[in-house]
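Encoded as C-alpha cells, the structure appears first; notes follow it.
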2 protein chains.
Amino acid sequence: MKGYTRHRAEDAAAIGTLAPWESLIADAIGNVIEFWNFKRSHGAVWALLYLRGRPLDAAAIQAELGMSKGGVSMAVRELEQWGVVRRTRSPGDSAWHYVAETDFFGMIGKVVAEREGALVDSVVRDLTRAEALAVERSVDEAELERVQRMRRLAEFVSMALRTFLKTANLDIGATKDALDAPDEGG
Amino acid sequence: MKGYTRHRAEDAAAIGTLAPWESLIADAIGNVIEFWNFKRSHGAVWALLYLRGRPLDAAAIQAELGMSKGGVSMAVRELEQWGVVRRTRSPGDSAWHYVAETDFFGMIGKVVAEREGALVDSVVRDLTRAEALAVERSVDEAELERVQRMRRLAEFVSMALRTFLKTANLDIGATKDALDAPDEGG
DNA sequence: CGACTGGTTCACGATCGCGTGAACCTCTCT
DNA sequence: AGAGAGGTTCACGCGATCGTGAACCAGTCG
C-alpha cells in the first residue's frame, strides 16, 4: 500500500544538501500527499520552496533535494499546473525561479475533488449500466433489488461528496492564511 | 497513480464465470476501494458475495472471479479481519462458506480512519520534532515562523479529521440500511 | 550571430506490490 | 486412524510506476 508505507522521518536527508530538520519536513509533506496519490518528490519540492520563502532556481532545488535535472523539471511543471508553485524571472536573470503558493491545501483539494468526482461518477455510471443489463437478462428479483440499493447508495455518496467538498473547501480556505508568512511573503 | 487508472468497465469479466453485469459491479467496487489503498480483488470478492446474497465457498469464489486458490484465501481472510465478510459452516458440510456483511462502508471507514489517524499523527510528530531541531540550530526567524505555522496547520487538520470521522461515521451509518437486502438477508 | 546556460522530453532501468500456484498443514468423514 | 478435501503460506514472476540522465530545444548574453 503506497500511502501507508511511510518513510521513517529520521532516515531522510541521506542525499541532497538539506538540513536534517528541513528534510524531516519535506518527508512529512511527502507522506501526506503521497496518500492522495501525488508523488513524494512533489511534496519535497513544495516544502523546500515554502520553507525558504524566496524564489529558488532549478539548480538549487536539484542540489538541495538531490534530484535529477529532469525530475526537477517535471516536478515544478506539475506543481505549476496545480497552481501551488509560481514561476518568476527577475529582469537580467537568465534562469527561472520558483516560489511556493501558500494556498497549498486549497489547490490540492481542488485537484483531489476533480479526481474523486470523476471516480464516483464513473462508478454511478457503471452501476446504472449494470442495473440495466440485469433487467435485460431478467435476473432474480432479490438480486436486482440489491443492485438497485447499491446504485442508490452510490448516488447518495456522489451527492454527499459534492456537498462535503464545498464545505471542505471553505474549511481549508479558512486556514489558508495559516501558511502565509508574516514577513517577506513572496 | 493507482487510484485513478480505472479499469474500463466494459473490459471486465474477461476471466471467470461472472455474468457481464456482475463483473461490471465488481469492477466498480474495485475502483472505489482501490482508491483507498485496498486491493481490487477485495472489492470483487465482497461484491460477489453481496450480489449472491447467500454463503459461497472458496471454490465458487475462485471459479466465478477466476482467482487463484491462495488469492481467495488471503482475500477472505482480510475481509474477515475488517469485519465485512463473515465465515460460516453449515452442519454436515466440510467446507467454509462466506457471507457479505452489509455494513461494508462503515467497516471500511473504520479501517481508513485508523490509517489516516496514524498518518496525521506521525506528521504532527515529525513537524514538532523539526521545529525543535530548527530552534536548536537557531535558524532564521522568518523560516522558524513558517515551520510553526505548518505544525499548527497539521494540528488543526488532525483535529478536523477526528471531528469529520465522527460525522462521517454517522453519515455512513445512516445509509447502512441501504445495502440491507429486504428478503433472504444473510 | 554564435556559443552557452538553462529547460524539456523521453526511453531505459530499478523498485515495489500483487497474484499465482505449488507445497504444506488441518480437519472432517469413513 | 487413514485418506482426502479444503485451507493456508510463501517464494517467485509479472506488471506497473517512478526517477534518472542523455539527447534535444530555446532563449540569452557577449
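So that the names make sense, note that chain A is the first sequence line, chain B the second, and so on, each numbered from 1.
When all heavy atoms of B/Ala100 and B/Val85 are compared, the closest pair comes out as CA-CG2, 4.4 Å. When all heavy atoms are compared, the tightest approach of A/Met67 to A/Ser41 is CE-CB, 4.0 Å.
Across the protein-nucleic acid pair, A/Gln62 atom CD and C/dT5 atom C1' stand 13 Å apart, rounded to whole Å. Between the P atom of D/dT8 and the CG atom of B/Asp57 lies a distance of 13 Å, rounded to the nearest Å. If you measure from atom OH of A/Tyr98 to atom P of C/dG6, you get 12 Å, rounded to the nearest angstrom. Taking atom CG of residue B/Asn37 and atom C1' of nucleotide D/dT17, one finds them 14 Å apart after rounding to whole Å. The separation between B/Ile61 atom CD1 and D/dT8 atom P is 11 Å, rounded to whole Å. In this structure, A/Ile33 places its CD1 atom 14 Å from C1' of D/dC18, rounding to the nearest Å. What separates CD of A/Glu78 from P of C/dG7 is a distance of 17 Å, to the nearest Å. In this structure, CZ of B/Arg87 is placed 14 Å from P of D/dG6, rounded to the nearest angstrom.
Closest to the A/Ala95 side chain, of the nucleotides C/dG6, C/dT8, D/dT8, is C/dG6.
With respect to the salt-bridge test (charged N to carboxylate O, under 4.0 angstrom), the residues B/Glu114 and B/Lys110 do not qualify. A salt bridge does not link B/Asp140 to A/Arg52: none of the charged nitrogens lies less than 4.0 Å from a carboxylate oxygen.
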For nucleotides 19-30 of chain D, give me one character per nucleotide, 5' to 3': B if any protein heavy atom sits under 4.0 Å from the base, S if the only such contacts are to the sugar-phosphate, - if neither. SBB---------

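Across all strands shown, A/Ala59 has no heavy atoms under 4.0 Å from either base or sugar-phosphate atoms.
Between B/Trp46 and B/Phe104, the two ring planes are parallel [angle under 30°; tilted spans 30° to 60°].
Residues passing the salt bridge (Lys or Arg N to Asp or Glu O under 4.0 Å) test with A/Arg125: none are found, sequence neighbours excluded.
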